[in-house]
Amino acid sequence: MTKNWWQGSVVYQVYTRSYQDSNGDGVGDLPGLTQRLPYIKKLGADVIWLNPIYKSPDKDNGYDISDYRSIQDVYGSMDDFDKMLDTAHKDDLKIVMDLVVNHTSDKHEWFEQSRQSKDNSYSDYYIWRDPVDGHAPNNWGSYFSGPAWTYEPKRGQYYLHLFAPGQPDLNWENPKVRQEVYSLMKFWLDKGIDGFRMDVINLISKPAGLPDAPQAAGSSYGNVEPLVSDGPRLNEFLHEMNDEVLSKYDIMTVGEMPGSTPEDAIEYTGLKSNELNMVFQFEHVDLAANPDKRLGKWNDQPIKLVDLKKALSRWETELDGKGWNSLYWNNHDQPRAVSRFATDNPKYRVTAAKMLGTTLHMMQGTPYVYEGEELGETNVHYKSLDQYEDIESINAYHQLVEKDKAVDGPTMLKYLENMSRDNARTPMQWDDSDNAGFTTGRPWFALNPNYKEINAKSQVDDPDSIYNYYRQLISLRHNSDLITYGNYEEIDPEDNEVFAYRRHYEGKTLLVISNFTDKSVERDYQQADGKRLIGNYSENQGTALRPYETNVYLFD
Ligand code: TEU
């Protein structure tokens with residue numbers, strides 16, 4: 001197995017605006033992140049993935065970029081960025097930036113020009129179509145509700161935006177667009193960054209003819225994802241990007257690929273594919289989608305363990321030796337791990353958070369820890385719409401409750417409580433002082449009130465904390481080729497209480513056993529013959545598994 005630095009690495013994701021404010025304006029910033037690098041280093045992370053910090057009108061918290069070569073004022077200056085990068089590198093921490101090139105902001109100069117007319121040098125940088133019978137060119141719906149087309153009277157045409165109207169899709173069929181993207185990538189790579197997380201990169205190649213999408217009865221629009229993900233020229237575009245840019249640097253790339261399958265991922269990340277290094281797949285986080293197709297991800301149902309095991313095991317086995325996987329429970333788009341996949345009941349939260357960390361970090365792939373996950377931070381459990389700030393959540397409420405009348409308000413609020421991206425975007429909980437030490441000003445977004453109990457200060461020096469348990473998990477990976485490169489063998493796929501699997505490498509075997517329930521259960525996998533490496537109870541009890549108990553055993 002070819003060994004690359006990013007295969008043995010652990011990535012820590014920083015949502016800068018919610019991480020650490022240094023100047024009291026209530027928004028996290030780069031000098032604040034620089035102050036907190038020692039905390040990330042002590043955790044044991046090797047790489048930091050930064051969500052977008054480029055100039056942006058912030059219609060989608062930075063995923064609508066108006067200038068790719070400058071820093072959003074609220075995060076600081078380019079000098080602050082350079083200082084952060086230099087400090088990180090001195091700490092042997094790598095920095096991966098977020099590349100958002102499926103779309104730009106509608107305030108980007110390219111779009112400002114493109115929308116003026118059909119015959120200027122930027123006219124063809126975006127996806128424009130004539131009206132059909134006075135309406136949008138097809139039935140596509142936006143990921144953020146509403147239509148995926150907006151009419152521009154200056155051109156007498158509609159432009160495509162798979163996300164908000166303020167996020168027009170770039171036209172990747174245009175070679176000039178591709179060269180612009182490669183140029184901006186080189187700008188950042190030549191500054192010394194260590195790679196890119198590529199936002200919805202599998203959506204950049206649109207299907208020929210832009211045909212109508214499947215439309216659920218009662219839905220106002222068609223569901224684009226099956227149609228636009230993994231389009232006809234994606235491999236060609238990624239290959240060209242690799243030839244012209246990626247292959248020239250020793251970097252890490254991870255493609256965010258909603259809707260991709262392991263077969264797709266092997267095409268893009270195949271160890272000989274010369275495209276990307278790994279992907280963020282969505283199979284496990286898209287589980288428990290609402291049976292009512294109009295409601296998509298919005299639901300309040302727990303995920304069945306057998307379904308979770310099937311999704312994660314499929315990616316473990318099908319990529320083994322062929323491609324490389326990313327391992328994550330949550331990020332800035334997903335609810336908090338312990339609330340979603342286990343429990344945030346105070347009686348079990350700590351034990352459950354350690355169990356989830358173990359289950360994921362002992363798998364094959366590069367693990368990603370989302371800020372606060374290492375503390376066992378929980379969903380924020382909002383009860384009213386005006387507490388939310390996320391465009392996706394707010395738009396979904398208005399579309400599904402008021403326009404489509406697909407669900408009543410109280411039910412949709414329960415779905416938001418369970419699934420909203422805002423659960424992950426409350427400011428980082430550093431200590432139990434005002435605003436959890438995140439800011440001395442008014443925070444841009446309210447903190448989770450439980451910061452008094454759940455915060456870094458109470459955990460960093462506590463050997464039994466979730467933070468120090470994650471440190472042990474990361475250290476185990478750093479010192480074990482078995483964990484990093486071993487293959488994966490699931491045990492009892494139909495067991496809906498316990499997630500157990502083995503890893504094998506060069507004659508050694510790892511056995512991981514996790515009880516996903518609040519009950520005590522019995523399971524005998526001959527663990528008595530192994531050496532216990534780590535577990536979330538002070539000692540194991542043979543075949544007995546207490547609520548949310550996890551243990552890892554080595555057989556060598
Ligand atoms: O997310 C892409 C994406 O698919 C999300 O819409 C995700 O499916 C959904 O939010 C899950 O509930 C990326 C970024 O991670 C996200 O923050 C951006 O809003 C989006 O692209 C547009 O750039």
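Note that the structure is predicted; figures quoted are calculated from it, not measured. As the structure lists them, so they are numbered: ligands from 1, and atoms in each ligand from 1.
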For residues 179-190, the side chain to side chain donor-acceptor pair (under 3.5 Å) pairs (sequence neighbours left out) are Arg69-Ser183, Tyr125-Glu180, Gln179-Glu244, Tyr182-Glu240, Asp190-Tyr249

Tell me whether Lys59 is salt-bridged to Asp64, with the criterion being a basic N under 4.0 Å from an acidic carboxylate O.
no

Q.
Do the side chains of Asp199 and Arg197 get close enough for a salt bridge, i.e. N-O under 4.0 angstrom?
A. yes

Sorted by chain and number, sequence neighbours left out, side-chain hydrogen bond (donor to acceptor under 3.5 Å, both in side chains) with Thr426 holds for none

Here the atoms of ligand 1 under 4.0 Å from any heavy atom belonging to His332 are 14 (C), 15 (O), 16 (C), 17 (O)

For atom 21 (O) of ligand 1, the closest protein heavy atom turns out to be Asp199 OD1, 3.0 Å

Cation-pi geometry met for Arg155 and Trp128 (6.0 Å, 45°) = yes

Gln334 N/O under 3.5 Å from ligand 1 N/O: no

For Glu256, the atoms of ligand 1 under 4.0 Å from one of its heavy atoms are 1 (O), 2 (C), 3 (C), 13 (C), 15 (O)

To atom 5 (C) of ligand 1, the nearest of Asp333, Val200, Asn202 on a heavy-atom basis is Asp333

Contact between ligand 1 and Lys59 is defined here as a heavy atom of the residue under 4.0 Å from a ligand atom; is it met? no

Nearest non-hydrogen protein atom to atom 4 (O) of ligand 1, with distance, is Pro258 CG, 3.8 Å

Checking Asp194 side chain against Ile95 main chain: does a donor-acceptor pair fall under 3.5 Å? yes

Atoms of ligand 1 under 4.0 Å from any heavy atom of Phe144, numbered from 1 in the order shown, are 19 (O)

The single option from Phe438, Tyr451, Tyr39 that satisfies ring-ring contact (aromatic ring centres under 6.0 Å, His included) with Trp430 is Tyr39

Asn51-Gln13 side chain donor-acceptor pair, cut-off 3.5 Å:
yes

Less than 4.0 Å is my threshold; does some heavy atom of Arg425 fall inside it relative to ligand 1? yes

query = Do the numbers put Arg233 on top of the ring of Trp172, so that NZ or CZ is under 6.0 Å from the six-membered ring centre and no more than 45° off the axis?
reply = no

Nearest heavy atom to atom 18 (C) of ligand 1, choosing from Asp286, Asp60, Asp64, belongs to Asp60

Ligand 1 atoms nearer than 4.0 angstrom to some heavy atom of His103 are 22 (C), 23 (O)

Item checked: Heteroatom distance test (Tyr143, ligand 1): nitrogen or oxygen, under 3.5 angstrom -> no

A student checking ligand 1 against Phe282 at a 4.0 Å heavy-atom cut-off should list atoms 8 (O)

Closest heavy-atom approach to atom 9 (C) of ligand 1 among Glu392, Arg197, Gln167 is made by Glu392

